[in-house]
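Before any comments, here is the structure.
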Amino acid sequence: MNPSWIWLTIALPFAGFLVNGVLALAKPDAKRVVSLVGPGVLLAAFAVAASIFAGLWTHPPEEPIVLPLWAWIGAGALRVNFSLQVDQLSAVMLMVVTGVGSLIHIFSVGYMREDPGYARFFAYLNLFVAFMLILILGSSLPVLFVGWEGVGLCSYLLIGFWYQEKANADAGKKAFIVNRIGDFGVLIAMFLIFWTIGSLEFTDIVKHAPSAYAAGGTLITVITMFLFLGCAGKSAQIPLYVWLPDAMAGPTPVSALIHAATMVTAGVYLVARTSILFSMAPVSSMVVAGVGATTALFAASIGLRQYDIKKVLAYSTVSQLGYMFLGVGSAAYSAGVFHLVTHAFFKALLFLGSGSVIHAMHHAYHATHSHEDAQDMRNMGGLSKYLPATYWLMLLATFAIAGVPPFSGFFSKDEILSAAFGRGAEHPVFYVFWAFGVAAALMTAFYMMRLMAMTFWGENRTGTVEQEHLHEAPAIMTGPLVILGVLSVIGGVLNLPEFVGGLSHQGLEKWLEPVLAPAAKQMPVHMPHGSTETILIVAASLTAIAGLVAGWKATLAKPITVAKAAHEEVGFARVLFNKYYIDEIYQSLIVRPLVAISRLFLWKFVDQGVIDGLGVNGSGGLARALGWLGGRLQSGQLGLYVIVFVAGAVWLLHAVIR
């Protein structure tokens with residue numbers, strides 16, 4: 001298909017949003033139509049994306065294909081067209097978003113069918129994908145920013161989808177507000193780029209950046225640090241990661257879409273898209289890698305002591321995003337994108353698999369337990385007997401995320417760790433980042449095997465009556481899991497390393513080379529070779545296996561107590577369970593002082609004192625006073641009027657004569 005049809009990939013899900021939005025308002029019980037339109041528009045968009053990708057594969061473009069749709073902004077020297085850019089990077093992202101997004105939409109038909117907001121849910125879900133596609137296809141920073149803000153809006157709508165519960169509404173607001181902090185950084189970076197280059201088109205940035213900025217200079221460092229602030233917000237990195245775990249308040253398919261295919265990948269994508277800038281800012285790249293490595297380790301440690309199955313996966317996402325930033329911060333941009341792709345496969349499988357578990361637990365606990373009980377792994381156990389397909393597929397995803405060869409996560413994670421280790425020869429601090437990555441990999445394997453053991457192995461803890469209601473999810477939910485399971489196993493063939501060879505030898509890296517070549521000229525990636533590469537690969541493999549074995553043994557070493565009867569955590573385990581008290585620290589140091597200042601100064605002084613007191617009430621009082629004075633002059637006595645008139649005339653005559 002001709003790339004000029006790329007706009008259809010956005011138009012189709014947007015049309016789905018309009019149709020389902022109308023149905024949500026006019027006929028919310030028309031679930032059959034919603035079930036056809038919601039996933040249907042995504043499947044059609046995927047078909048268009050696949051056709052365009054096939055055309056690009058046959059005839060790879062040497063330069064990005066920019067397709068202007070309409071003139072958008074014209075203000076002075078600023079001219080921005082609403083244009084779409086098709087190149088190797090956007091094509092990869094396009095396939096991931098439409099492909100994985102389609103599977104999540106299909107799964108949602110079974111998962112959300114009984115929900116009274118079914119049509120509204122699919123309207124939001126379609127809109128979410130439409131905005132994500134604008135983000136990845138935008139040919140300039142302003143067009144990208146439309147999608148950037150759009151996915152932020154949709155995350156608010158979907159995280160707080162069950163807004164009747166205050167905690168869910170608060171989680172949606174938290175995501176929205178935290179992301180506004182990062183968005184401020186992207187705006188400042190855009191202003192600085194336009195000030196120096198005179199254009200915000202990505203093609204112009206790549207062309208003029210080497211001459212407009214001094215490599216390693218203050219200006220390019222400031223620009224990239226502001227860009228990374230935005231990326232840290234969208235992709236949940238320290239210190240702006242706190243919104244993502246709370247995003248579990250939304251329906252499980254929303255969690256899968258946010259964590260695997262859309263919003264959280266936006267930050268990694270932006271770094272890759274502006275790689276020419278980051279490659280000229282070694283300090284910023286080091287910060288990106290350091291924040292990524294620290295986030296990977298920090299979030300993985302929290303995952304060690306969580307019991308909500310979705311919370312474990314949420315902190316896993318934060319950790320895996322840290323790996324991606326470690327990769328792009330080490331100048332291995334293709335490795336970061338590679339892990340983004342494989343992570344989309346196994347993380348979507350893990351979240352949708354957890355959705356099948358929660359679906360079964362809700363049926364079992366429909367009248368006797370709360371929503372939280374159905375997600376607490378301490379209340380599960382032995383579910384492999386009742387959900388065999390879900391069990392085996394989630395086990396495959398566990399091996400993939402742990403980095404066990406030859407599963408997909410092994411290849412992408414190993415490439416990132418190797419790139420960080422190779423960068424250490426130039427900057428020794430990268431050896432520390434590599435060690436953080438290895439430690440995070442060990443923890444990842446441990447907590448994922450702990451999740452599997454608590455959920456699927458050992459004694460069943462749901463209760464005798466509840467066991468009768470446990471069952472495998474319907475085919476419309478299990479089918480997408482099977483496809484994701486296959487991709488989680490074989491996804492590594494997209495970019496096999498040199499020591500493997502074959503037809504797909506470094507396929508993704510070579511595919512992305514035309515887009516990333518300008519950055520590689522500024523900051524080449526240093527990958528270990530020979531015996532060093534072999535040692536790193538063996539070490540990574542043994543780390544994954546050791547973590548899995550340790551997680552299995554430690555979890556099943558003693559009987560697991562159901563949530564209501566469990567003892568409170570003590571010692572450092574309590575710190576991990578309470579997520580290092582970061583939310584409480586933010587509440588004490590930032591939220592409460594801001595609320596107090598807002599109430600005392602903005603509300604009491606500015607609003608009530610200045611605006612109401614001097615402005616509204618003051619002007620009203622002045623009007624009343626003038627009215628009273630005027631009323632006193634209107635006495636109705638003709639003689640008084642004559643006296644005042646004569647006095648005024650005499651005064652005027654006196655003034656004129658003088």
For the residue pair Phe14 and Phe131, establish whether any side-chain heavy-atom pair is separated by less than 4.5 Å.
-> no

Donor-acceptor pairs under 3.5 angstrom involving side-chain atoms of residues 325-338: please list them, not counting sequence neighbours.
unit_1 : atom_1 : unit_2 : atom_2 : d
Ser330 : OG     : Leu326 : O      : 2.7

Between Asn168 and Ile159, is any pair of side-chain heavy atoms under 4.5 Å apart?
-> no

Centre of Phe122's six-membered ring, under 6.0 Å away, within 45 degrees of the axis: is that where NZ or CZ of Arg120 sits?
-> no

Do Gln522 and Ile276 have side-chain heavy atoms sitting under 4.5 Å apart?
-> yes

Residues forming a ring-ring contact (aromatic ring centres under 6.0 Å, His included) with Phe433, sequence neighbours excluded | Phe430

Shortest non-hydrogen contact from Ala49 to Thr9?
-> N-CG2, 4.1 Å

Test item: Ser139 side-chain N/O and Val66 main-chain N/O as donor-acceptor pair under 3.5 Å = no

Counterpart residues, side-chain contact (heavy atoms from CB on, under 4.5 Å), relative to Leu103 (two or more places apart) | Pro480, Ile483, Leu484

Got a sec, which residues hit ring-ring contact (aromatic ring centres under 6.0 Å, His included) with Tyr124, two or more places apart in sequence or on another chain?
-> none

Please list, one pair per line, the donor and acceptor atoms closer than 3.5 Å that link side chains of residues 33-40 to other protein atoms, with sequence neighbours excluded.
unit_1 : atom_1 : unit_2 : atom_2 : d
Ser35  : OG     : Lys31  : O      : 2.7
Ser35  : OG     : Tyr118 : OH     : 2.6

Taking atom types as modelled, find out whether Ser4 and Asn2 have a side-chain donor-acceptor pair closer than 3.5 angstrom.
-> yes

Any chance the side chains of Ser412 and Thr342 put a donor and an acceptor closer than 3.5 Å?
-> yes

Applying side-chain contact (heavy atoms from CB on, under 4.5 Å) to Ala11 and not counting sequence neighbours gives Trp7

For Lys173, which residues count as a salt bridge (charged side-chain N to carboxylate O under 4.0 Å, His left out) partner, sequence neighbours excluded?
-> Asp170

Say whether, by atom type as modelled, one donor and one acceptor occur between the side chain of Ser319 and the main chain of Tyr315 under 3.5 angstrom.
-> no

For the pair Ser408 (side chain) and Ser488 (backbone), establish whether a donor and an acceptor sit closer than 3.5 Å, ignoring hydrogens and angles.
-> yes

In chain order, what residues pass the ring-ring contact (aromatic ring centres under 6.0 Å, His included) check against Phe601, with sequence neighbours excluded?
-> Phe605

Would you check if the side chain of Glu201 reaches a backbone N or O of Ser199 as a donor-acceptor pair within less than 3.5 Å?
-> no

Donor-acceptor contact below 3.5 Å, side chain Ser108 vs main chain Pro253 = no

List for me each residue that meets ring-ring contact (aromatic ring centres under 6.0 Å, His included) alongside Trp57, sequence neighbours excluded, and say none if there are none.
-> Trp511

How about Tyr111 and Thr252: does a side-chain donor come under 3.5 Å of a side-chain acceptor?
-> yes

What is the minimum heavy-atom distance between Lys310 and Pro251, and which atoms define it?
-> NZ-C, 4.0 Å

Main-chain N/O of Ser83 paired to Asn81 side chain as donor or acceptor, under 3.5 Å | no

Indicate yes or no: at least one non-hydrogen side-chain atom of Met132 is less than 4.5 angstrom from one of Thr265.
-> yes

Measure from the side-chain N and O atoms of Arg32 to the backbone N and O of Asp29, and report whether any donor-acceptor pair falls under 3.5 Å.
-> no

Judged by atom type as modelled, is there a donor-acceptor pair below 3.5 Å linking the side chain of Ser235 to the main-chain atoms of Gly267?
-> yes

Under 3.5 Å, sequence neighbours excluded: what are the donor-acceptor pairs made by side chains of residues 147-155?
unit_1 : atom_1 : unit_2 : atom_2 : d
Trp148 : NE1    : Asp183 : OD1    : 2.7
Ser155 : OG     : Val151 : O      : 3.4
Ser155 : OG     : Gly152 : O      : 2.6

Ser102: what forms a side-chain contact (heavy atoms from CB on, under 4.5 Å) with it, not counting sequence neighbours?
-> Leu42, Leu43, Phe46

Ignoring hydrogens and angles, tell me if any N or O in the side chain of Ser275 forms a donor-acceptor pair with the backbone of Val271 under 3.5 Å.
-> no

Donor-acceptor contacts, no H, no angles, side chain residues 188-197, under 3.5 Å, sequence neighbours left out:
unit_1 : atom_1 : unit_2 : atom_2 : d
Thr196 : OG1    : Leu192 : O      : 2.9
Thr196 : OG1    : Ile193 : O      : 3.1
Thr196 : OG1    : Tyr213 : OH     : 2.5

Would the Phe228 and Phe278 ring centres measure less than 6.0 Å apart?
-> no

Thr294 (side chain) donor-acceptor with Val291 (main chain) under 3.5 angstrom = no

Are more than 12 heavy atoms from other residues, nucleotides or ligands located less than 6.0 Å from atom CZ of Phe184?
-> no

